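Here the structure is a predicted model, which means the values were calculated and not measured.
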Amino acid sequence: MTQTSLLAGADGETRLRSILARWAERAWLRPLDDAFAQFLWHEVPDASPLAILAAALASHQLGRGHACLDLAATLRDPAFALSLPPEGTDWEADPPPRPAAVLGRLTLTDWQAALVHPDLVGAGPGATPLVLIGPRLYLRRYWGYEQAIRGAIDDRLARSAAIQAALPIEAMRQILGGLFPPSAIAPDWQKLACALAARSAFSIVTGGPGTGKTTTVVRLLALLQALALAESARPLRIRLAAPTGKAAARLNASIAGTVADLKLGDLADAETVRAAIPVSVTTLHRLLGSRPDTRRLRHHAGNPLALDVLVVDEASMVDLEMMAAVLDALPAPARLILLGDKDQLASVEAGAVLGELCARALEGHYHPQTSDWLQTATGDAIEARLIDPAGTPLDQAIVMLRHSHRFAADSGIGQLATKVNAGDPEAALCILKGCHADLSLVETAGTEDAAFRSLVTEGRGGGAEPLPECHGYRYYLETLRDRQPAADAAPGAFDDWARAVLKAHGKFQVLCALRRGPWGVEGLNQRIARLLQSAGLIPASSGWYLGRPVLVTRNDYGLGLMNGDIGITLERPDMGDLSRLRVAFPAGDGNDGIQWVLPSRLLAVETVYALTVHKSQGSEFAHAALVLPDKLSPILTRELIYTGITRARTHLTLVRPGDDQVLTDAIERRVLRASGLME
């Protein structure tokens with residue numbers, strides 16, 4: 001080998017063991033990553049130190065959301081590709097060697113050669129723990145997920161021609177005409193989405209906030225049910241699901257009203273069709289039958305789901321493992337419809353499935369035959385710029401909704417999100433600093449100044465007059481105090497109180513990019529708690545206390561709580577034991593129930609006055625305060641800024657401790673998750 005690195009020579013293994021141990025001690029790597037390396041050394045003692053290093057880094061990348069380790073990207077820029085050292089690192093007198101120093105002048109060819117070991121690395125199917133495909137090194141399980149997902153989608157797309165041929169085109173056009181009255185917006189992408197999805201066993205409807213994804217899917221389900229009832233008088237078995245309890249509750253609330261208000265025109269058996277559209281939403285974990293203390297699910301290829309159509313909302317949050325499980329559990333004839341915003345951050349866990357599948361959605365790439373069929377089925381013509389004779393079968397199953405009904409033309413939030421998404425930092429800054437009623441900019445020197453204190457308590461910064469929806473945390477804490485039932489109240493009164501407090505809490509949320517450092521959730525949660533305590537709004541700033549909001553950080557199947565669920569600590573004197581405190585969570589079934597949990601049973605929760613943008617996906621807040629760090633971080637990207645902006649429904653406050661450069665650089669950088677799903 002021509003490479004030179006810290007791992008070269010006879011004592012390379014000793015040096016690597018020391019380096020990995022020091023990285024793990026300082027939380028540069030997870031304990032799991034170091035343990036994986038130790039396991040491989042034990043199982044394959046003659047493996048090259050460079051191969052063991054690659055394995056540890058592949059495991060590390062899974063923890064950062066990547067499906068694999070991209071060897072080439074790592075060699076080009078180790079610090080950025082690996083986010084090592086991690087954000088918020090405090091430098092000590094004797095810091096560990098950085099990845100660039102460990103890798104030295106290693107070449108891709110040399111690293112790939114070091115990975116040649118029949119017991120450690122394979123090139124496809126087999127039993128080795130690692131799989132190397134070109135420059136991408138996978139843990140075998142995640143390579144398998146990618147293969148299973150792409151294979152299952154391709155199998156479903158292959159059935160499109162047969163499904164299309166069986167569709168009664170005139171009947172479908174008539175039904176669509178009743179569901180979609182003439183519109184001033186042409187073409188009507190919602191109508192086109194319904195037609196495209198009706199002809200495929202796999203389809204995606206993507207679009208930004210307010211583009212009408214929920215409205216579209218309700219009309220699509222009405223179309224499918226009307227066609228099914230006309231053919232066999234038997235309605236389709238349809239299930240609705242979302243990745244988290246909060247996302248399920250949100251869809252449940254919006255879809256029920258949409259179904260009730262749906263105009264069915266002169267559709268035959270209109271009320272039968274309406275009654276056949278489900279309004280109950282569940283989480284994917286519950287749908288698939290998650291079980292305590294195991295990754296195995298009740299539903300899989302050997303015990304498929306009993307359904308004809310599955311709709312998954314907020315699909316950008318679905319990771320590789322869950323998407324593979326969903327596709328595995330679907331009966332062969334069933335349809336899968338994914339809804340989501342392709343431009344949002346990808347899932348917290350490994351993979352960026354929706355983003356990768358929709359990478360070409362903006363340009364359409366529809367075949368001329370697809371365009372002709374859509375015009376026949378809907379009466380609407382696709383723009384010529386979206387036609388591509390070389391489009392893939394996947395392109396023909398994806399529709400991007402292109403008109404936002406939530407944000408008006410003069411909406412600051414809508415314009416800012418658009419410019420950020422387009423990668424135009426100068427235009428974004430112009431909008432941010434302009435006079436928009438729904439945008440605020442707070443420039444702060446630190447979390448102790450008056451502007452930040454006013455923002456988190458009152459919902460305003462720098463003494464500005466608050467708008468009707470610009471609540472701070474005072475709002476939910478005063479709701480908690482003012483609506484607290486008497487000690488002898490009926491259990492239903494406590495449920496009503498919890499619902500009111502949870503709803504009030506959703507009015508305002510501080511969002512941030514980082515976990516560590518003064519502008520990360522760890523530092524901000526402590527500072528905000530102290531500010532609220534000093535304002536007399538909470539009785540304590542640590543431990544369990546009345547009003548403490550908590551975030552579940554790990555799935556707890558025994559309690560039925562999922563990673564990302566948020567609860568509020570309240571008092572239940574009617575429970576009849578020594579501790580009056582209980583944490584109230586929205587019931588995870590998407591209904592309006594409340595689940596009360598003893599704090600001592602919550603083994604993986606953290607205070608959540610500040611929430612990472614990643615964890616906020618699937619949520620909306622009337623007023624979101626997006627806090628940027630004072631320095632650029634690899635985590636800070638265009639997708640993160642866009643996702644943070646679009647969590648705000650009526651007002652966005654951007655908190656900026658640094659200068660314009662941090663925001664500008666973030667908007668110019670994109671998330672690049674290592675994956676081979678589309679290759």
Side-chain angles (χ1 to χ4, degrees), residues 146-165 167 169 172 176 186-208 211-213 216-217 220 223 310-312 315-316 318 320 323 326-327 330 335-344 346 351-378 380-403 421-422 639 670-673 675-679:
E146 277 195 0
Q147 296 298 303
I149 290 169
R150 192 57 195 267
I153 289 174
D154 287 346
D155 287 347
R156 283 187 147 71
L157 292 173
R159 292 165 40 205
S160 295
I163 293 172
Q164 178 181 315
L167 284 173
I169 194 75
M172 190 169 82
L176 286 171
D188 188 335
W189 280 101
Q190 294 188 14
K191 186 197 290 188
L192 291 170
C194 289
L196 264 182
R199 70 176 207 149
S200 180
F202 175 81
S203 57
I204 300 176
V205 179
T206 186
T211 51
K213 295 185 289 293
T216 301
V217 81
L220 168 59
L223 169 65
L310 174 61
V311 177
V312 179
S316 63
V318 181
L320 270 175
M323 188 65 77
V326 168
L327 286 161
L330 278 182
R335 297 173 186 263
L336 176 61
I337 301 163
L338 303 181
L339 307 179
D341 185 345
K342 69 179 181 64
D343 297 312
Q344 276 191 197
V353 180
L354 188 77
E356 291 182 74
L357 293 175
C358 295
R360 289 157 52 96
L362 180 63
E363 298 83 18
H365 298 284
Y366 297 115
H367 292 157
Q369 301 94 314
T370 301
S371 176
D372 293 344
W373 183 86
L374 283 172
Q375 186 159 11
T376 302
T378 68
D380 281 19
I382 292 180
E383 301 164 68
R385 65 185 180 86
L386 302 178
I387 308 300
D388 177 9
T392 67
L394 178 61
D395 294 326
Q396 316 313 303
I398 298 174
V399 174
M400 178 177 168
L401 305 180
R402 298 163 190 261
H403 177 76
N421 207 12
E639 289 83 356
R670 304 215 62 172
V671 170
L672 296 173
R673 283 201 166 176
S675 166
L677 183 64
M678 299 307 295
E679 294 186 18

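Residues satisfying the side-chain hydrogen bond (donor to acceptor under 3.5 Å, both in side chains) criterion with Glu383, sequence neighbours excluded, are Arg385. Among residues two or more places apart in sequence or in another chain, the side chain to side chain contact (heavy atoms under 4.5 Å, CB included) test is passed with Ala201 by Arg156, Arg159, Ile163. Applying the salt bridge (charged side-chain N to carboxylate O under 4.0 Å, His left out) criterion to Glu356, with sequence neighbours excluded, gives no partner residue. Partners of Asp155 according to the salt bridge (charged side-chain N to carboxylate O under 4.0 Å, His left out) rule, which considers only residues two or more places apart in sequence or in another chain, do not exist here. Remark: Leu362 pairs with Met400, Arg402 by the side chain to side chain contact (heavy atoms under 4.5 Å, CB included) rule, at least two apart or across chains. A search for side chain to side chain contact (heavy atoms under 4.5 Å, CB included) contacts involving Ser371 returns Ile382, Ile387, not counting sequence neighbours. Under the side chain to side chain contact (heavy atoms under 4.5 Å, CB included) criterion, Thr392 pairs with Arg360, Leu394, Asp395, sequence neighbours left out. In this structure Glu363 satisfies the salt bridge (charged side-chain N to carboxylate O under 4.0 Å, His left out) test with no other residue, sequence neighbours excluded. Partners of Arg199 according to the side-chain hydrogen bond (donor to acceptor under 3.5 Å, both in side chains) rule, which considers only residues two or more places apart in sequence or in another chain, are Gln164, Thr370. Applying the salt bridge (charged side-chain N to carboxylate O under 4.0 Å, His left out) test to Asp343 and every residue at least two apart in sequence or in another chain returns nothing. For Asp372, the side-chain hydrogen bond (donor to acceptor under 3.5 Å, both in side chains) test picks out no residue, with sequence neighbours left out.
The closest donor-acceptor contact from the side chain of Lys191 to the backbone of Thr378 lies under 3.5 Å.
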